[in-house]
Amino acid sequence: EKGGYEYFMLKEIVEQPRAVADTLLGRVAVDGTLTLDEMRLAPHELREISKIVIIACGTSYHAGLIAKYAIEHWCRIPCEVEVASEFRYRDPILDRQTLVIAISQSGESMDTLMALRYAREQQSRVLAICNVNGSTIPRESDGVLYTHAGPEVGVAATKTFLTQLVACYLVGLYLAQVRGLKFGDEINTIIGQLARMPEQVDKVLQTVEPVRELARSLADAKTVLFLGRHVGYPVAMEGALKLKELAYMHAEAFAAGELKHGPIALIEDGLPVVVVVPSREGRSVLHDKIVSNIQEIRARGARTIVIAEEGDDSVRPYSDTLIEIPAVPTLLQPIVATVPLQVFACELALAKGNDVDQPRNLAKSVTVE
Ligand code: M6R
């Protein structure tokens with residue numbers, strides 16, 4: 001059932017275009033209208049929401065961080081994201097107008113479950129984004145949006161992460177439609193672009209071979225840093241998490257703007273630094289700032305591994321390795337930018353002889369607090 005692959009993870013990475021397509025299936029009409037059947041939250045309830053709080057752990061938390069950028073931009077509803085294990089211990093402010101979104105692949109993470117129970121006790125409505133039908137978290141939520149990634153066997157979340165992103169975007173776009181905000185041009189354009197993501201992910205997969213070679217050449221590195229800005233920051237965090245859990249290597253992500261506030265002191269000769277460059281569309285200021293960051297770290301000896309959209313020649317002179325991804329709208333970029341990072345971590349772990357399906361000390365679902 002590994003479909004000819006040595007590891008489930010390799011198969012699951014390749015399945016991503018299909019997983020993304022299945023998660024969109026039946027939810028996006030040709031005219032751009034969204035239908036989210038199991039959401040079970042009536043339009044009038046969605047119109048009353050004054051705040052959104054996203055709770056999740058690990059990779060699902062990273063999906064939540066990305067969702068915040070999209071939801072706040074499209075819906076103009078304040079959105080907080082919190083690691084589920086921290087949430088209920090700080091006396092968070094919740095009420096009936098707060099929509100809590102619990103993101104969990106397995107639907108069984110105890111930290112997320114306890115946080116959602118707490119939110120329901122405070123009268124908040126809870127929407128689950130989950131991959132496992134009938135699991136505990138969706139059963140205990142008011143509504144659910146299932147990701148249709150299919151079973152994920154590898155402990156590292158890959159295809160379920162991409163589908164969580166799709167689900168988060170769908171929720172954000174649906175809320176924008178229901179609330180009549182920005183309905184029209186921007187929302188419709190994004191929905192059209194979202195529908196095209198399966199082909200874009202497919203394109204990325206066809207061009208990742210150089211990433212494998214690069215990963216193998218870094219098997220002896222002691223640490224890898226990841227930099228990003230805007231939605232590229234959580235993508236960088238996800239790249240670092242994958243490397244830790246699969247390659248047992250120290251990895252850390254920074255918001256690129258924070259470099260000068262401390263982390264730049266870490267840069268030394270030969271240190272591999274992966275930089276996720278924002279798309280140029282709509283965010284050119286950030287794009288230019290990150291290009292200066294790349295110059296700064298390279299001048300201090302960093303080995304720069306740059307992920308940028310195709311045709312972005314401004315980064316070429318400062319990239320030791322340039323990984324090109326398709327040009328897509330900024331908010332959707334995480335769907336394509338994450339894939340090379342998954343391949344990178346997986347290949348590096350394999351080069352070290354690690355079992356990528358079953359990394360040491362980890363379980364697929366964490367059912368203790
Ligand atoms: O099943 P969940 O999405 O609730 O799991 C959350 C985390 O345990 C999970 O994402 C974990 O971080 C993955 N192994 C990351 O690859």
Side-chain angles (χ1 to χ4, degrees), residues 7-13 15-16 19 23 54-67 81-88 100-117 119 126-141 144-168 226 234-249 251 253 334 338-339 341-349 354-369:
Y7 289 96
F8 281 104
M9 185 179 179
L10 294 167
K11 172 171 169 260
E12 287 160 359
I13 288 176
E15 281 173 351
Q16 294 186 111
T23 302
I54 302 179
I55 45 172
C57 312
T59 289
S60 301
Y61 169 68
H62 298 153
L65 290 173
I66 293 164
V81 193
E82 191 155 348
V83 163
S85 55
E86 286 296 316
F87 182 64
R88 70 192 173 112
V100 171
I101 304 181
I103 309 178
S104 173
Q105 182 285 129
S106 61
E108 302 295 346
S109 286
M110 190 53 76
D111 288 314
T112 312
L113 179 60
M114 296 313 276
L116 101 74
R117 284 186 183 157
V126 179
L127 173 71
I129 291 180
C130 184
N131 194 51
V132 179
N133 241 290
S135 54
T136 313
I137 288 172
R139 271 195 283 118
E140 293 201 16
S141 300
V144 58
L145 188 60
Y146 281 110
T147 51
H148 295 155
E152 188 175 68
V153 179
V155 162
T158 51
K159 60 176 178 170
T160 56
F161 176 66
L162 258 56
T163 59
Q164 285 170 343
L165 292 176
V166 170
C168 289
F226 292 77
V235 169
M237 293 167 81
E238 175 60 6
L241 177 61
K242 286 278 128 8
L243 205 56
K244 288 178 225 180
E245 71 172 337
L246 295 164
Y248 318 147
M249 187 184 271
T338 304
V339 177
L341 300 181
Q342 299 168 338
V343 172
F344 179 70
C346 182
E347 200 63 30
L348 209 154
N354 298 354
D355 178 344
V356 291
D357 285 345
Q358 194 49 259
R360 67 186 184 198
N361 309 338
L362 291 170
K364 182 69 181 164
S365 79
V366 184
T367 52
V368 289
E369 252 197 294

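All ligand and atom numbering here is 1-based and tracks the order in the structure.
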Would E108 count as a contact residue for ligand 1, given that I'm defining contact as a non-hydrogen atom of the residue lying under 4.0 Å from a ligand atom?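 Judged by the 4.0 Å heavy-atom criterion, E108 does not count as contacting ligand 1.
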For ligand 1, is S365 a contact, meaning one of its heavy atoms is under 4.0 Å away?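 In this structure, S365 fails to qualify as a contact of ligand 1 - no heavy atom is under 4.0 Å.
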Atoms of ligand 1 close to [X] [distance to a heavy atom under 4.0 angstrom, numbered from 1]:
X	value
K242	15 (C), 16 (O)
S104	1 (O), 2 (P), 3 (O), 4 (O)
S109	1 (O), 2 (P), 4 (O), 5 (O), 6 (C)
A156	16 (O)
S60	2 (P), 3 (O), 10 (O)
A157	15 (C), 16 (O)

What I'd like to find out is whether the side chain of [X] reaches to under 4.5 Å of the side chain of [Y], using heavy atoms alone.
X	Y	result
L362	E245	yes
E238	T59	yes
D357	V153	no
I66	V235	yes

Nearest-neighbour protein heavy atom for [atom], which is reported as residue plus atom name and distance:
atom	answer
atom 1 (O) of ligand 1	S106 OG, 2.7 Å
atom 10 (O) of ligand 1	T59 N, 3.1 Å
atom 7 (C) of ligand 1	C57 O, 3.7 Å
atom 8 (O) of ligand 1	V366 CG2, 4.2 Å
atom 16 (O) of ligand 1	E245 OE2, 2.3 Å

Hey, which of E12, K242, Q16 is the one that makes side-chain hydrogen bond (donor to acceptor under 3.5 Å, both in side chains) with Q342?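 Among E12, K242, Q16, the one that satisfies the side-chain hydrogen bond (donor to acceptor under 3.5 Å, both in side chains) with Q342 is Q16.
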Going by the rule side chain to side chain donor-acceptor pair (under 3.5 Å), which residues pair with T147 if we only count those two or more places apart in sequence or in a different chain?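 Result, side chain to side chain donor-acceptor pair (under 3.5 Å) vs T147: N131.
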Output all residues satisfying side chain to side chain donor-acceptor pair (under 3.5 Å) with T160, sequence neighbours left out; order by chain, then residue number.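 Once residues adjacent in sequence are excluded, the partners of T160 under the side chain to side chain donor-acceptor pair (under 3.5 Å) criterion are E152.
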How close do A67 and I54 get, heavy atom to heavy atom, and via which atoms?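 Closest approach of A67 to I54: CB-CD1, 3.7 Å.
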Which heavy atom of A63 sits nearest to which heavy atom of Q164, and what is that distance?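 Looking at all heavy atoms of both residues, the shortest contact is CB-OE1, 3.7 Å.
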Polar contacts were defined as any N/O atom of the residue lying under 3.5 Å from an N/O atom of the ligand; does this apply to Q164 and ligand 1?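 It does not: no N or O of Q164 is found under 3.5 Å from an N or O of ligand 1.
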Short N/O distance, under 3.5 Å, between K364 and ligand 1?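 There is no such contact.
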Exercise: do Q105 and S60 side chains pair donor with acceptor under 3.5 Å: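 Q105 vs S60: no donor-acceptor pair found between side chains.
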